[in-house]
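Written below as structure tokens is the structure these notes are about.
Just follow the structure's listing: the first ligand is 1, and inside any ligand the first atom is 1. Sequential numbering from 1 along the given sequence is applied to the chain's residues. Every value quoted in this text rests on a predicted model; they were computed, and no experiment measured them.
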Amino acid sequence: MLIMGAPGAGKGTQSTALAEAYSVPAISTGDIFRANIRNATELGVKIKALIEAGEYVSDDVTEAIVADRLAEEDCSSGFLLDGFPRTMHQVHFLDRHLSRQRRGLNAVVSLVVEPDELVARLLDRAQKEGRTDDNEDTIRRRMEVYAGQTAPLLFHYERQGLLVEVEGTGTVEEVRQRMLEAVAAHKA
Ligand code: ADP
């Protein structure tokens, strides 16, 4: 499965619940990148400025990381990707990668939240968590990049009959319930 949504839509929060419900690992490319920055790995040093500016990490770097992670044992009976794919190139990569292994996606959850609410949530998170990419300029840039590069991918998954749209406003618990019901109904 995949979980998609604009910055601030609640992907990280809800991916944990979804992964737990289906007993699969939740894999967040953003978390992997942030861990690399924290540990100042070679990769982390390379991508730090890019992420802090709200730009995407290159497709080849991101795809290699995802391929490595999906090869791990805990992904053998399924996985949930959070924040990947984000470009059309990554979509094609994932389609090819999975079909080579005779695997495929079961559902693509899209968390839908209106833009004003997204910005409010990110500014609030900036105060509480201090993520260095949660400042106003970077937030604006991340929204633009999402709208330009990532939102169009939803059409691809809609055409494949995989898209499960979930209204992302309400309490964390409300959204969780709504999402789990929608995914169960889709898979049935
Ligand atoms: P958000 O959805 O709130 O922006 P993420 O944790 O998913 O947060 O991603 C944080 C940053 O990591 C992105 O702004 C981007 O720079 C980088 N990133 C994450 N996933 C990808 C990806 N699939 N391709 C390119 N860059 C990515």
List every atom of ligand 1 that sits less than 4.0 Å from any heavy atom of [X], numbering the atoms from 1 in the order shown and giving each element.
| X | result |
| --- | --- |
| Thr29 | 19 (C), 20 (N), 21 (C), 23 (N) |
| Pro7 | 2 (O), 3 (O), 4 (O) |
| Thr62 | 22 (C), 23 (N), 24 (N), 25 (C) |

Using a distance-only test with no angle check, is there a side-chain donor-acceptor pair under 3.5 angstrom linking Ser110 and Tyr157?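 Not at all, the side chains of Ser110 and Tyr157 share no donor-acceptor pair under 3.5 Å.
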Could you tell me if Thr41 and Asn36 have a donor-acceptor pair between their side chains, going purely by distance under 3.5 Å?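 Yes, Thr41 and Asn36 have a side-chain donor paired with an acceptor closer than 3.5 Å.
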Ligand 1 to [X] polar contact by distance, N or O atoms, under 3.5 Å:
| X | result |
| --- | --- |
| Arg34 | yes |
| Glu55 | yes |
| Gln90 | yes |

Could you tell me whether a side-chain N or O of Gln149 sits under 3.5 Å from a main-chain N or O of Glu144, the two making a donor and an acceptor?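 No; zero donor-acceptor contacts below 3.5 Å.
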Can you tell me how far CD of Gln101 sits from SG of Cys75, rounded to the nearest 0.5 angstrom?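 One gets 10.0 Å once the value is rounded to the nearest 0.5 Å.
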Looking at [X] and [Y], does any basic side-chain N land under 4.0 Å from a carboxylate oxygen?
| X | Y | answer |
| --- | --- | --- |
| Arg121 | Asp124 | no |
| Asp134 | Arg142 | yes |
| Glu136 | Arg140 | yes |

Would you say Arg69 and Asp74 make side-chain contact, with heavy atoms under 4.5 Å?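 Yes, side chains in contact.
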Ile65 versus Leu43, closest heavy-atom pair with distance: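 Distance-wise, the nearest heavy atoms are CD1-CD2, 3.3 Å.
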Nearest protein heavy-atom contact for [atom]: which residue, which atom, what distance?
| atom | value |
| --- | --- |
| atom 2 (O) of ligand 1 | Lys11 NZ, 2.6 Å |
| atom 27 (C) of ligand 1 | Phe33 CE1, 3.6 Å |
| atom 3 (O) of ligand 1 | Arg142 NH2, 2.9 Å |
| atom 12 (O) of ligand 1 | Ile51 CD1, 3.7 Å |

Non-hydrogen atom of Arg131 closer than 4.0 Å to ligand 1: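 A heavy atom of Arg131 does come that close to ligand 1.
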Only heavy atoms count here, so choose which of Gly83, Ala6, Ala9 is nearest to atom 23 (N) of ligand 1.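 Shortest heavy-atom distance from atom 23 (N) of ligand 1: Gly83.
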Which of these, Arg86, His89, Glu52, has its nearest heavy atom closest to atom 22 (C) of ligand 1?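 The nearest heavy atom belongs to Arg86.
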With a 4.0 Å heavy-atom cut-off (strictly under), which part of [X] contacts ligand 1: side chain, backbone, both or neither?
| X | value |
| --- | --- |
| Tyr56 | both |
| Val57 | both |
| Arg125 | side chain |

What residues, two or more places apart in sequence or in another chain, satisfy side chain to side chain donor-acceptor pair (under 3.5 Å) together with Thr16?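 Scan of Thr16 (side chain to side chain donor-acceptor pair (under 3.5 Å), adjacent residues dropped) gives none.
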